[in-house]
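Working notes for the structure below.
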Amino acid sequence: MKQTLAQKLVARAAGRASVAPGEIVTCKVDLAMIHDSSGPRRVKPMLERLGAKVWDPSKVVLITDHYVPAYDDESRRIIRLTRDWVREAGIDNFYDEQGICHVVLPERGHLRPGMFAVGADSHSPTGGAFAAYMFGVGATEMLGVLVTGEIWLKVPHTIAMEFDGAFPPAVAAKDAMLFLIGRFGLDGGQYQAVEYRGAAIRRLPMQERMTLCNMAAELGAQTGLIASDGVTEEFLRLKNLEAWDSDPDAPLLAHHRFDAGAIAPQVAAPHSPANSRPVTEFVAVRPQLAYIGACTGAKLEDLRMAARVLKGRKSTLRLLVAPASLRDQQTAEKEGTLQILLDAGAQVLPNSCGICAGYGEHLLPENMVAVSSTARNFKGRMGAASSQVYLASPYTVAASAVAGRICDPREMLQ
């Protein structure tokens, strides 16, 4: 039986030679990821009521990113509880104030092709960029994983999104995702596995692939997946990794093909990522704030995109930049990327989820209009319910910051 990448990953975790879409199987978990918001403050009381302990502390990764830096009594309490529980439970893989979990997890070498992983955060499908089956679960399901090391799963169908050719200059993975969400809607993934394929995908660096899989959540998929290749090996700094890919002609629920070269920069209007249209339809919008942040918009590759636009230019808007991880920020500093952003007038914020998660001292005030590289623009998510957030790639956010209006970044990269 020909198997998709999703089926192969699930079959391995279930101890089976093969699985069929629709089957219910029990999978052994290779890795469980939790953070300060979804972790100890939720699961610790439940573990105590059960009198249970973590099944294998070496397979749990805990990252603080939602409530850092702590700035009030509640956040200080949550971070203190998190750090205490790490010691109590014997968790060695603890990354404290190192950046956003979806970026820190792979950069610290915890993901490999073939793995089956769960994360207590909706953007956990990011792990699929490494040909690992990873998806988000709630606190109750995570409790079950932490106690047993297992989780049940309905084997998904696969929806293939194939991009031929190459993405044009100033068009990023973020644009591809906004294009897909605008076309298929927030439930276009049907809670199945979305596999990104094609020559254009193979040309993407790993962090751009991570953006595609991350935003499988906004597409309504259970996970996003990309087959492993040399790009995967290079990023992980490992050689001769086992190759994981779909069998040729494996059955698909749907197969959509696109000319990557025909995709324009995209913008999503408030208050949904599904309100996506080409950037040229929004040039009359005049934001007051430009924000480059979040797991889907402030990785090293994202910062480089913004720098390509901002080099030698000044932002006319308030420009906030929250690098997605400390390591990415340090690399950006060493190579001069960060200095370009600073010279353009950017204010650098801590390496955390920040206002994307509705936390911190920079939340959007009443009636604020912002252009942002984050993944979601739901009403009130980033501050006041009266604020309006337009989603775009780092290219477009940077170009808009310079122009003082939503701007096609191709105008500045010619």
Side-chain angles (χ1 to χ4, degrees), residues 35-38 41-42 65-78 100-102 120-123 136 138-139 174 177-178 181-182 185-188 214-215 217-220 266-277 279 281-298 315-322 324 346-347 349-350 352-394 396-397 400-401 404-407:
H35 52 60
D36 48 321
S37 180
S38 66
R41 73 184 186 123
R42 301 185 188 279
D65 60 4
H66 275 57
Y67 288 95
V68 294
Y71 80 106
D72 60 11
D73 288 343
E74 181 185 22
S75 57
R76 284 189 284 270
R77 179 188 63 81
I78 291 170
I100 303 172
C101 61
H102 310 296
D121 188 279
S122 60
H123 282 123
K174 181 66 168 291
M177 284 312 301
L178 291 178
I181 298 163
L186 295 177
D187 59 353
N214 177 296
M215 290 188 68
E218 279 69 41
L219 191 60
Q266 303 285 305
V267 171
H271 292 286
S272 172
N275 295 334
S276 297
R277 301 190 300 277
V279 63
E281 297 189 28
F282 295 95
V283 294
V285 176
R286 292 189 170 274
Q288 297 135 313
L289 173 72
Y291 182 69
I292 296 173
C295 50
T296 189
S315 175
T316 62
L317 304 178
R318 187 183 182 205
L319 174 59
L320 300 180
V321 177
Q347 177 184 353
L349 303 183
S352 66
C353 297
I355 62 175
C356 180
Y359 171 82
E361 300 174 291
H362 298 278
L363 295 180
L364 304 186
E366 297 290 344
N367 301 310
M368 171 68 75
V369 178
V371 58
S372 173
S373 66
T374 50
R376 293 171 182 163
N377 58 347
F378 300 133
K379 189 172 184 177
R381 175 180 173 87
M382 295 174 65
S386 62
S387 63
Q388 298 183 58
V389 178
Y390 291 80
L391 301 179
S393 77
T396 301
V397 174
S400 302
R405 59 171 175 79
I406 289 184
C407 178

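All values derive from a computational prediction rather than experimental measurement.
Across Arg318 and Leu289, no two heavy atoms sit closer than the pair O-CD1, 3.3 Å. In terms of heavy atoms, Leu186 sits closest to Ala274 at CG-CB, 4.1 Å. Minimum interatomic distance between Val267 and Ala392 (heavy atoms only, all atoms of both residues): CG2-CB, 4.1 Å. In terms of heavy atoms, Tyr390 sits closest to Ala269 at CD2-CA, 3.8 Å. Heavy-atom minimum distance, His35 versus Asp65: CB-OD1, 3.5 Å. Summarising the geometry of Cys295 relative to Asn214, their closest heavy-atom pair is SG-ND2, 3.1 Å, with the distance given to 0.1 Å.
A search for side chain to side chain donor-acceptor pair (under 3.5 Å) contacts involving Asp72 returns Ser75, not counting sequence neighbours. Residues forming a ring pair (Phe, Tyr, Trp, His ring centres under 6.0 Å) with Tyr71 (at least two apart in sequence, or on another chain): Tyr359.
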Original post:
What's the verdict on side chain to side chain contact (heavy atoms under 4.5 Å, CB included) for Val283 and Arg405, showing C-alpha distance, side-chain angles and the deciding distance?
Top reply: CA-CA 6 Å; Val283 294; Arg405 59 171 175 79; 3.9 Å; yes

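The structure places CG of Leu349 at 5.0 Å from CG of Leu320, a figure rounded to the nearest 0.5 Å. For the atom pair OG (Ser276) and CD (Glu281), the distance works out to 11.0 Å, reported to the nearest 0.5 Å. Once rounded to the nearest 0.5 Å, the distance linking OG1 of Thr396 with CD of Gln266 reads 9.0 Å. Taken to the nearest 0.5 Å, the CG atom of Leu178 stands 10.5 Å off from the CG atom of Asn275.
Side-chain contact check for Val369 versus Arg286: every heavy-atom pair is 4.5 Å or farther apart. The shortest distance between side-chain heavy atoms of Arg42 and Ser37 falls below 4.5 Å. Under the 4.5 Å side-chain criterion, counting only non-hydrogen atoms from C-beta, His362 is not in contact with Tyr291. The closest side-chain heavy-atom distance from Tyr67 to Ser352 is not below 4.5 Å. No side-chain heavy atom of His123 sits under 4.5 Å from any side-chain heavy atom of Thr296. For the pair Met215/Lys174, a side-chain contact is recorded, criterion being any heavy-atom separation below 4.5 Å from C-beta on. Side-chain atoms of Ile100 and Cys353, non-hydrogen and from C-beta on, do get closer than 4.5 Å to each other. Looking at heavy atoms from C-beta onward, His66 lies in side-chain contact with Asp121 at the 4.5 angstrom threshold.
In this structure, the side chain of Ser373 engages the main chain of Gly293 through a donor-acceptor pair within 3.5 Å. Counting only distance, with no hydrogens or angles, the side chain of Ser400 and the backbone of Cys407 share a donor-acceptor pair below 3.5 Å. In this structure, the side chain of Asn377 engages the main chain of Ser272 through a donor-acceptor pair within 3.5 Å. Here the side chain of Arg381 pairs no donor or acceptor atom with the backbone of Gly358 at under 3.5 angstrom.
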